[in-house]
Structures are given as structure tokens and as C-alpha cells.
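Worksheet for the structure shown next.
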Amino acid sequence: MTDETQNIALVIGGERVQPDARFEVRNPATGGLAGHAPNAGQDELDRAVAAAAAAFPGWSAKSDEDLQAACMAVADAIEANAEELAQLVTAEQGKPLGGVGSRWEIGGAVAWARYTAGLSLPMQVLQDTNEGRVEMYRKPLGVVGSITPWNFPVLIAVWHILPALRTGNTVVSKPSPHTPLASLRLIELMNGVLPPGVVNSVSGDETGVNLGAAMSSHEGISKIVFTGSCATGQKVMQSSAETMKRLTLEMGGNDAGIVLPDADPQQIAEALFWGAFINNGQTCAAMKRLYVHDDIHDAVCDALVEFARKIPVGEGTDENALLGPVQNRMQFDKVSALVEKAKTSGKVLLGGEPGEGQFYPPTIIAGMTADDPLVYEEQFGPALPIIRYHDIEDAIVQANALDVGLGGSVWSADVERAKEVAKRLECGSVWINSHGMIQPNAPFGGVKKSGFGVEFGEEGLKEYTDIQVIFA
Ligand code: NAD
């Protein structure tokens, strides 16, 4: 792995670029080396933006059919190289190859790319009368800067880049310094089927220039699509004000699940588990707090713990593993500290002790209350707090009490009853009897401090355009 990643390059204007400096990327399962990534600075960023700007007139002038075909070709290129990308994701991110792991992530990237390629935003006639004809066009913005996190490096890059390309924009993509390798390889593959300059990459370890910050204030970038933490998203918003960038900000959440008294604990245990522990809890729209009605509280806890006990945790290359390590030390320390604090007031039903290296076992803690940090802070890791409730009104108030609102879920045998509760939750998506099941045809985004703008589907595509109205 080490030697192979030495070849991974930035791509700027269709050319492979190898800055003198490279930085180490660690394998979170072993602590060993996953590879080396190019350490770009302001010069490479400026060149990438200039290349994207130079490619924009030609790309944006392409017909809708040509843009669609090019995006389909990108999907094919990802699919043809799926195993290589999956191996890179596992090496740097830690997630297993199997289960809902890196092969699933790359499969999702292909599916999203194809679906997005198939979308279209045709001109709309708003009026056609004797008084005149009014036509509304959706026009691309220019250069889009994509800034991605470390939890689903390839999938989220595809979520950002494909709708940008489909609508005629060109792109500069910047992966997280924790997981740059698969994303950079993705951009190399895209460049195999796209004209030079349409998609460019920069990566850096943030010890010198903070590339994300430099992108947010860059004169040559028209829009930033950002996925990451609330704190960083706010910085992006601040530094892009001067250049009036369009923004899509997909930030952190602290999703609540509410189990109503009529739910069947055995039946929901598996979906509850994966709703909370998908990708080891390192998922924006994972269930991060679980409110369970008094009547079935103990039965739900028992069923959930029984299911969770059987989940194999191990190195991502172990084909039997379904969960891997926590991706980085900072996140590991955060989860450890939150669990230690939670132990002083709650009851650990499963896990609760750090494992070797960056492995942390699935941890379930009952008896939690609203004032516990594990409840009100985003843990972004494998630790689920359970809160007992008596009155659904109280559960709804608690679910809505935080200043973030990405997803939520309601669990019940009565879907109509569950929908009534769902409508009262302050979040962008609510699932009934599942959690976090995003799909490419449904807009996804947060409310409150979880960000603004949506991704996916036609609504997501619109975010990469400005409206122009022609009155004839
Ligand atoms: P992060 O905010 O630390 O980093 C995200 C990206 O921002 C990285 O590429 C980083 O290099 C870059 N960055 C760092 N400083 C920057 C700056 N000043 N300006 C611009 N960019 C900068 O987030 P993370 O730790 O990589 O990811 C975890 C967080 O992401 C969690 O809070 C999670 O909830 C959130 N997330 C949200 C979604 C969603 O769709 N809403 C999806 C995945 C993750």
C-alpha cells in the first residue's frame, strides 16, 4: 500500500501534479502507514482554481445530453475501479471492506453518480400569453469548491462533485487530511474521462496553509459545498461573505430516535442498532440519542444489547468485521471522555471501555438525562445514550431542545401515529422505523445549526445554479 500511494497525485488542468512535499496518512486500525498524500499550498490551489476557471466556458457550453453522458462515464469509471477505491478507503478510514463498509460506500458512489447524471433542470416557461413570454433558465455558477470530511470520503466527494458537473460547473475538490488518498485517486479516475480542468484536486495536512479556509475566501470560487463539523461550517460561512459565495453547508447533527410504546422491541432491534452504529457512529445522520417509552424501555434495551453483542469488530481488511476502529485519535478521545462522564450517572449496558489502539467497542448506556454531555454533544462515535421517557410531549421537547437538526426517527407499529410525531420534529429528515436511510432521489439537509441547503435529487441540483429569467 505504501509504495502504491506514492504515485497518487493532485490533478490540475488535467496534469498530474506532485508537489515536493507529501504527508503521511495513518491506518487507524494498525497505527501504521496507509500512504502518503501530496501536501499542496496556496500556489497549487491558485493553479487549480485557474484551471477550473479556464475549463468553465467550454464545459458550461456543452449540451445537456453531453453533460449527462460525461457524468455517466464518471459513474462507469468509479465502478470499474471500485475495489481499488474500497481498499484505499479501508486503509485510511478504517471501515471494513464488507457490510456497510467501504465496498458499500463505493457502490453508493456509483449509484449516486448514475442517478445524478440522469437528472435534468430544463428551461421552464413561466408565462406564454399575449402579454409576453417568460422563461426561467438555470445557469451554472462557475468554479465550485468542494470540502469533504473523513467519514465517507469517496461518497461525499461524489455527492458534491456530480451535481456540480451535471449543471455545467467546474470543480476544485479538497479531501480531509485524515482521508485524502481514495478521494485523490477518485479525481484521477474522473480525469480519465473528463476534459482537462473540469475537476481538479488539492490536498494538504493543514500544518501550513489551511486549504479549506483559503478556498472559502478565494476570489475565483463561486460556491463552496462543505460537509463537516458545525464549527468549521461557520468559519466557511464567515470567510465566504466577502466574495458572496453560494453555499451548501452540511454540518453536524445530534439525531434523536423516539420509540413509541407500541413498538416491538425484537423487531426493531437490528434497525435501531444500525441506525446508531453505522460506520461506527461516525455518520452525520446517525441516531445519536435514543428516547424509549417507559413501558418497553427495558425490553428495547435488552433486545438492542443482545443484537449489538454479536457484531464483529476488527481490522477493516478482516472480511468478517462489520465495524472497524474510530478514524482518528481526536475523535477516539472525545468518545472516551463522553463515555467516562456518562458512567458517573448512567448504567453501561454494553462496552464502555476503550479497546486497543483506536478500537472502541459498541457502547450502550441507559439512564441518561438531558444534562449529560453524551446526550447534548455530538459524540460522532460508537456510543449510544438511552433516555427513558413517560410522556411523548416531553420526548418531543427534548428531541427538539438542541440547536442542531439533521435527522430524526420515530419507531412504532402505527405508521400514521409515528408520522404525527415525525412532523413535529425539528430536523430535515425523519425516518419511521429506520434511521439515516438517505437516498439519491430525496433532498437531504439540516435545519437550525446543522446547516442550510440540500443535497440530492432535483432540489440538490438547483443548489449549483443561479436563476436567469428572460422576458420576451
Ligand atoms: P471538520 O469540520 O473538522 O472538517 C471538514 C473539512 O473541512 C475537512 O476537509 C477539513 O480539512 C476542512 N477544514 C478545516 N478547517 C477549515 C476551515 N477553516 N475552512 C474550511 N474548511 C476547513 O469535520 P470532520 O471532523 O472531518 O467531520 C466530522 C463532522 O462532519 C461531524 O460533525 C459530522 O456530523 C459532520 N458531517 C456532516 C454530514 C452532513 O451531511 N451533514 C456528513 C458527514 C459528516
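The figures here come from the full heavy-atom set of this structure, side chains too, leaving out hydrogens, waters and symmetry mates. All values reported here derive from a predicted model rather than from experimental measurement. Position 1 is the first residue of the sequence, and the numbers go up from there.
Note that OG1 of T179 is 8.0 Å distant from CG of N151, once rounded to the nearest 0.5 Å. Of the inter-residue distances, the one linking L85 atom CG with T90 atom OG1 reads 11.0 Å to the nearest 0.5 angstrom. Remark: E24 CD to D205 CG distance equals 10.5 Å, nearest 0.5 Å. Taken to the nearest 0.5 Å, the CE atom of M237 stands 14.5 Å off from the OG1 atom of T232. One distance of note links OG of S345 with CG of D371; it measures 7.5 Å at 0.5 Å rounding. The distance from the CE atom of M437 to the CD1 atom of I432 is 14.0 Å, given to the nearest 0.5 Å.
Considering only heavy atoms from C-beta on, L10 comes within 4.5 Å of L184 through its side chain. Looking at H293 and V259, their side chains never come closer than 4.5 Å, going by heavy atoms from C-beta outward. Using a 4.5 Å heavy-atom threshold, the side chains of I387 and V292 count as separate. Counting heavy atoms from C-beta outward, V404 and C230 have side chains that approach closer than 4.5 Å. The shortest side-chain heavy-atom distance between T363 and L384 does not fall under the 4.5 Å cut-off. For the pair V110 and E79, the minimum side-chain heavy-atom distance is below 4.5 Å. Taking 4.5 Å as the limit, every side-chain heavy atom of V447 sits out of range of all side-chain heavy atoms of F452. Two residues are said to be in side-chain contact when any heavy atoms from C-beta on lie closer than 4.5 Å; P382 and V335 meet this criterion.
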Practice problem: Check the pair E420 / R417 against salt bridge (Lys or Arg N to Asp or Glu O under 4.0 Å), numbers first and verdict last. | Solution: CA-CA 5 Å; E420 290 309 313; R417 169 82 188 108; over 6 Å; no
Quiz prompt | Worked verdict on F152 versus T283 for side-chain contact (heavy atoms from CB on, under 4.5 Å) | solution = CA-CA 8 Å; F152 290 91; T283 305; 3.6 Å; yes
Practice problem: Kindly indicate, with the supporting measurements, whether the criterion side chain to side chain donor-acceptor pair (under 3.5 Å) is fulfilled by Q439 and N441. | Solution: CA-CA 6 Å; Q439 45 190 67; N441 59 351; 3.0 Å; yes
Exercise. Apply the test side-chain contact (heavy atoms from CB on, under 4.5 Å) to residues V25 and T5: give CA-CA distance (whole Å), side-chain angles for both, the deciding distance (0.1 Å), then the verdict.
Key: CA-CA 10 Å; V25 182; T5 69; over 6 Å; no
Exercise. Please lay out, stage by stage, how L247 and S240 fare under the test side-chain contact (heavy atoms from CB on, under 4.5 Å).
Key: CA-CA 8 Å; L247 294 174; S240 50; 3.5 Å; yes
Quiz item: Could you walk me through whether L165 and V198 pass the side-chain contact (heavy atoms from CB on, under 4.5 Å) check?
Solution: CA-CA 8 Å; L165 297 183; V198 170; 3.5 Å; yes
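With respect to the salt-bridge test (charged N to carboxylate O, under 4.0 angstrom), the residues K419 and E416 qualify.
Under the ring-ring contact (aromatic ring centres under 6.0 Å, His included) criterion, the residue pairs touching residues 338-369 are F332-Y360, with sequence neighbours excluded. Sorted by first and then second residue, the salt bridge (Lys or Arg N to Asp or Glu O under 4.0 Å) pairs involving residues 246-272 (not counting sequence neighbours) are R246-D466. Sorted by first then second residue, the ring-ring contact (aromatic ring centres under 6.0 Å, His included) pairs that include residues 87-113, not counting sequence neighbours, are W112-W159, W112-F456. Note on residues 272-288: pairs passing salt bridge (Lys or Arg N to Asp or Glu O under 4.0 Å), not counting sequence neighbours, are K288-E378. For residues 97-107, the salt bridge (Lys or Arg N to Asp or Glu O under 4.0 Å) pairs, not counting sequence neighbours, are E83-R103, K95-E105, R103-E319. Sequence neighbours left out, the pairs with a member in residues 335-353 that pass salt bridge (Lys or Arg N to Asp or Glu O under 4.0 Å) are E340-K343, K343-E353. Under the side-chain hydrogen bond (donor to acceptor under 3.5 Å, both in side chains) criterion, the residue pairs touching residues 396-405 are D394-Q398, D403-K449, with sequence neighbours excluded.
T167 places a side-chain N or O within donor-acceptor distance of the main-chain N or O of A164, the cut-off being under 3.5 Å. H178 contributes no side-chain N or O that, together with a main-chain N or O of N328, makes up a donor-acceptor pair within less than 3.5 Å. Side-chain atoms of K462 do not come within 3.5 Å of backbone N or O of G457 as any donor-acceptor pair. Panel note: side chain E459, backbone P443; no donor-acceptor pair is recorded below 3.5 Å. Using modelled atom types, no side-chain atom of N27 and backbone atom of G32 make a donor-acceptor pair closer than 3.5 Å. In this structure a side-chain-to-backbone donor-acceptor pair under 3.5 Å is present from K245 to I221.
A side-chain N or O of T248 and one of E463 form a donor-acceptor pair less than 3.5 Å apart. Looking only at atom types and distance, the side chain of D64 has a donor-acceptor partner in the side chain of S120 under 3.5 Å away. Using modelled atom types and a 3.5 Å distance limit, the side chains of S412 and D414 yield no donor-acceptor pair. Of the N and O atoms on the side chains of T148 and K174, not one donor lies less than 3.5 Å from an acceptor on the other residue. Donor-acceptor pairing under 3.5 Å is recorded for the side chains of H160 and T227.
For H36 and F23, the gap between ring centers reaches or exceeds 6.0 Å.
The minimum heavy-atom distance linking A366 with L349 is given by the pair CB-CD1, 3.8 Å. Listed here is the closest heavy atom pair of P261 and D295: CB-OD2, 4.0 Å.
I156 pairs with exactly one of P175, P149, S183, S176 by the side chain to side chain contact (heavy atoms under 4.5 Å, CB included) rule, that one being P149. Each of V199, N200, I8 was compared with I187 under the side chain to side chain contact (heavy atoms under 4.5 Å, CB included) criterion, and only V199 meets it.
Heavy atoms from other residues, nucleotides or ligands lying under 6.0 Å from CE of M136 number more than 12. In E356, the CD atom is not crowded: 12 or fewer heavy atoms of neighbouring residues, nucleotides or ligands sit closer than 6.0 Å.
For F277, the ring pair (Phe, Tyr, Trp, His ring centres under 6.0 Å) partners are F273, not counting sequence neighbours. Every residue meeting the ring pair (Phe, Tyr, Trp, His ring centres under 6.0 Å) condition with F380, not counting sequence neighbours, appears here in chain and number order: W150. In this structure, the side chain to side chain contact (heavy atoms under 4.5 Å, CB included) partners of A271, at least two apart in sequence or on a different chain, are W411.
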Report, one line per pair, each donor and acceptor closer than 3.5 Å where one atom sits in a side chain of residues 296-316; sequence neighbours left out.
unit_1: H297; atom_1: ND1; unit_2: R388; atom_2: NH2; d: 3.2
unit_1: D298; atom_1: OD1; unit_2: R388; atom_2: NH2; d: 3.3

Quiz: residues 67-76 side-chain donor-acceptor pairs under 3.5 angstrom, not counting sequence neighbours:
unit_1: Q68; atom_1: NE2; unit_2: A117; atom_2: O; d: 3.1
unit_1: D76; atom_1: OD1; unit_2: R114; atom_2: NH2; d: 2.7

